*Asks:* 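Structure provided below as structure tokens; questions to follow.
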Amino acid sequence: VDRHGGCAFIGCVTADTRVLARNGFKHIVDLKPNCPGKYSPLKVDLYGLDNEFHETSDFYQNGVSDTKKITTCNGYSLEGTHNHPILTMGKEGVGEWCELQSFGVGDYVAISRGMEVWGGADPSVGFVVKEKEERRGSSKAFKNSVPDEIEMSDDLAYFMGLWIAEGSYDPPQNRVTITCGDNIGKFLMSGAVLGFKFKPQKHRSDQWRLASEEFVQYMDYIGMPLVKAPEKYIPEWVFKAKKRHALNFIAGMWDGDGHIRSNNNEAGYASASERLVDDLQLLLLNIGVISKKSYIDVPPTKRVDVASRVFCLTVNSSSLEALKSVPLRIPRKAELLQNKIIPGRSTKDCIAFQGAFIRDVRSHRRLYRGKSISKAYLTNAMRGGSITYKSLGRFLKDHDFGIELDSYKKLKKNYDDGYYWDKIATIEDGEASTYDFVIPDTHSFFSNGFISHNTPQGFNLLFELYNKGLKE
């Protein structure tokens with residue numbers, strides 16, 4: 001029962017949940033105006049089951065409800081009403097719907113990846129410098145003025161990502177500063193950022209500055225967070241940007257606060273902002289990168305007299321190939337990443353409970369046609385354990401004689417879906433405003449990486465009958 005006395009027939013997710021439309025990521029709450037307790041017609045295509053888009057018919061706002069928040073071992077999280085269903089791997093070896101209230105720690109949930117869905121919006125559209133005509137009269141105003149027309153570019157997107165990682169803002173001086181241990185000066189002083197040439201600091205070889213009221217106005221217009229490091233986040237335009245602009249933005253972030261390990265197949269990112277790390281983790285899913293979120297508590301030092309917490313993302317070998325699509329510009333990092341030898345999907349990238357299907361396919365020996373097929377790599381799966389995507393791909397190729405078998409088809413479906421099956425690490429109780437869709441086709445939609453089940457139309461009728469009974 002929700003806090004306004006409504007009946008909890010509807011399973012919904014919280015306002016900050018990101019869904020995936022054809023033009024990029026959106027917060028669910030931004031898709032419909034406020035209309036508590038009612039269904040409203042809504043036609044929008046949302047990414048969901050089968051890695052495809054499906055059209056909604058309605059939007060529903062559920063009011064304030066008791067919630068469950070699940071967080072996986074890798075740090076992906078979703079909060080929704082107790083009865084909100086998401087896709088899990090059932091013990092029968094196929095995906096099935098399970099309500100949030102029915103999950104336990106250790107259960108498997110599907111995380112979608114490699115969607116490759118991008119927008120095309122340019123956040124610069126409509127930007128006009130405030131009081132520009134009055135200020136044009138002085139030569140000082142001309143000195144660091146932005147162009148009359150601005151378009152987002154690879155260089156500009158890269159700079160904005162670099163500033164998110166390494167930038168600061170001094171309001172009294174309208175000054176933007178980049179502090180970076182790697183030599184990024186050639187780029188900053190080249191004029192690549194709207195023609196501006198950042199000035200290196202005389203007493204610091206790692207710092208470059210630009211004082212420009214107009215440039216600060218532009219940054220504010222496109223939603224750049226002009227705040228301190230622990231409060232930073234990825235601005236909304238990046239979630240709706242063209243692919244090349246989003247990737248250059250990520251490259252700027254990674255050249256700033258990211259690392260590529262030289263001694264193992266691992267990469268990572270670190271920030272004082274948990275929200276920023278959460279945003280980056282979700283954005284990386286779009287290019288197929290699975291990352292693990294963690295944190296480190298840093299004790300006080302002589303230079304910093306207070307303790308702090310640093311949030312981290314770690315990308316292991318199974319996702320490094322996808323990460324190579326990010327165009328890093330610092331030669332040292334770019335070289336390390338591009339030269340990584342990728343061994344294929346790791347032993348952690350598995351599908352659970354496939355043993356019965358594998359045993360069934362192998363039991364049809366009359367179909368082997370003289371093939372000699374090793375089963376050594378299948379030992380763990382056949383005993384009821386998990387099988388890696390790499391091994392399952394090999395199995396499907398070796399056993400293509402069983403393509404018409406029901407068990408083979410289920411294995412092939414699980415392989416083709418390509419979900420990352422993450423285990424639930426924590427479950428928390430909460431309370432929040434919640435929202436949902438009606439999607440007549442598959443009743444499913446992407447939600448923070450999870451695959452959610454929507455409110456079917458039948459629930460609408462049931463809810464209306466319930467409300468009618470209350471009035472009578």
Side-chain angles (χ1 to χ4, degrees), residues 23-26 30 118-180 184-200 207-227 232-256 276 279-280 283 286 326-329:
N23 58 348
F25 294 92
K26 298 177 183 290
D30 295 333
W118 307 93
D122 187 335
S124 308
V125 173
F127 173 70
V128 178
V129 174
K130 297 175 184 176
E131 301 177 350
K132 189 167 186 176
E133 295 303 320
E134 291 79 358
R135 296 169 59 255
R136 283 288 186 179
S138 69
S139 58
K140 187 176 181 180
F142 272 111
K143 188 174 182 181
N144 283 325
S145 297
V146 298
D148 289 331
E149 294 184 6
I150 301 176
E151 291 183 0
M152 183 54 64
S153 66
D154 293 350
D155 287 337
L156 189 53
Y158 175 83
F159 171 81
M160 294 303 171
L162 183 66
W163 185 87
I164 284 288
E166 302 282 46
S168 59
Y169 166 55
D170 181 9
Q173 304 296 325
N174 282 308
R175 187 170 61 199
V176 175
T177 301
I178 297 289
T179 305
C180 183
I184 201 71
K186 184 177 180 181
F187 167 73
L188 293 172
M189 295 185 292
S190 69
V193 183
L194 299 183
F196 292 122
K197 296 183 178 181
F198 284 67
K199 292 183 177 179
Q207 199 169 79
W208 297 265
R209 288 176 173 172
L210 171 70
S212 170
E213 181 183 351
E214 292 188 5
F215 187 60
V216 170
Q217 283 185 30
Y218 173 72
M219 290 180 71
D220 183 57
Y221 179 82
I222 66 173
M224 295 297 293
L226 302 173
V227 294
K232 285 184 177 178
Y233 53 87
I234 293 180
E236 286 303 305
W237 69 265
V238 180
F239 288 97
K240 305 176 183 67
K242 295 177 181 179
K243 180 177 180 178
R244 71 172 193 268
H245 294 157
L247 292 185
N248 273 280
F249 184 94
I250 294 172
M253 289 181 64
W254 217 281
D255 274 347
L276 180 64
D279 286 347
L280 180 58
L283 194 59
N286 211 9
V326 176
L328 301 181
R329 300 194 185 191

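Treat the numbers as computed from the prediction; the structure is a model and nothing was measured.
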*Asks:* Compare all side-chain heavy atoms of I184 with those of Y158 and state whether any distance is below 4.5 angstrom.
*Replies:* yes
*Asks:* One pair to check against side-chain contact (heavy atoms from CB on, under 4.5 Å): F127 and Q217. What are the steps and the verdict?
*Replies:* CA-CA 9 Å; F127 173 70; Q217 283 185 30; 4.2 Å; yes
*Asks:* Excluding sequence neighbours, so at least two apart, what forms side-chain contact (heavy atoms from CB on, under 4.5 Å) with S212?
*Replies:* N144, F196, L210, E214, F215
*Asks:* So do the side chains of P225 and I164 get within less than 4.5 Å of each other, counting heavy atoms only?
*Replies:* yes
*Asks:* If you measure from the Lys or Arg side-chain nitrogens to the Asp or Glu carboxylate oxygens, is any gap between D155 and R329 under 4.0 Å?
*Replies:* yes
*Asks:* Are the side chains of D170 and T177 in touch, meaning some heavy atoms are under 4.5 Å apart?
*Replies:* no
*Asks:* What residues, two or more places apart in sequence or in another chain, satisfy ring pair (Phe, Tyr, Trp, His ring centres under 6.0 Å) together with W254?
*Replies:* Y269
*Asks:* Please find the pair of heavy atoms, one from I178 and one from W163, that lie closest to each other, and give the distance.
*Replies:* CD1-CA, 3.7 Å
*Asks:* Please tell me if the side chains of D154 and H245 come closer than 4.5 Å, counting only heavy atoms from C-beta onward.
*Replies:* yes
*Asks:* Find the distance between CE (M224) and OH (Y169) and round it off to the nearest 0.5 Å.
*Replies:* 13.0 Å
*Asks:* Looking only at atom types and distance, does a side-chain atom of D220 sit under 3.5 Å from a main-chain N or O of V216, one as donor and one as acceptor?
*Replies:* no
*Asks:* I want to check something: taking the side chain as every heavy atom from C-beta on, are F249 and M152 in contact at a cut-off of under 4.5 Å?
*Replies:* no
*Asks:* Tell me, do S124 and Y218 make a side-chain contact under 4.5 Å, heavy atoms counted?
*Replies:* yes
*Asks:* With the side chain counted from C-beta on, respond yes when M160 and V238 share a heavy-atom pair under 4.5 Å apart, and no when they do not.
*Replies:* no
*Asks:* Does any non-hydrogen side-chain atom of T179 lie less than 4.5 Å from one of E166?
*Replies:* no
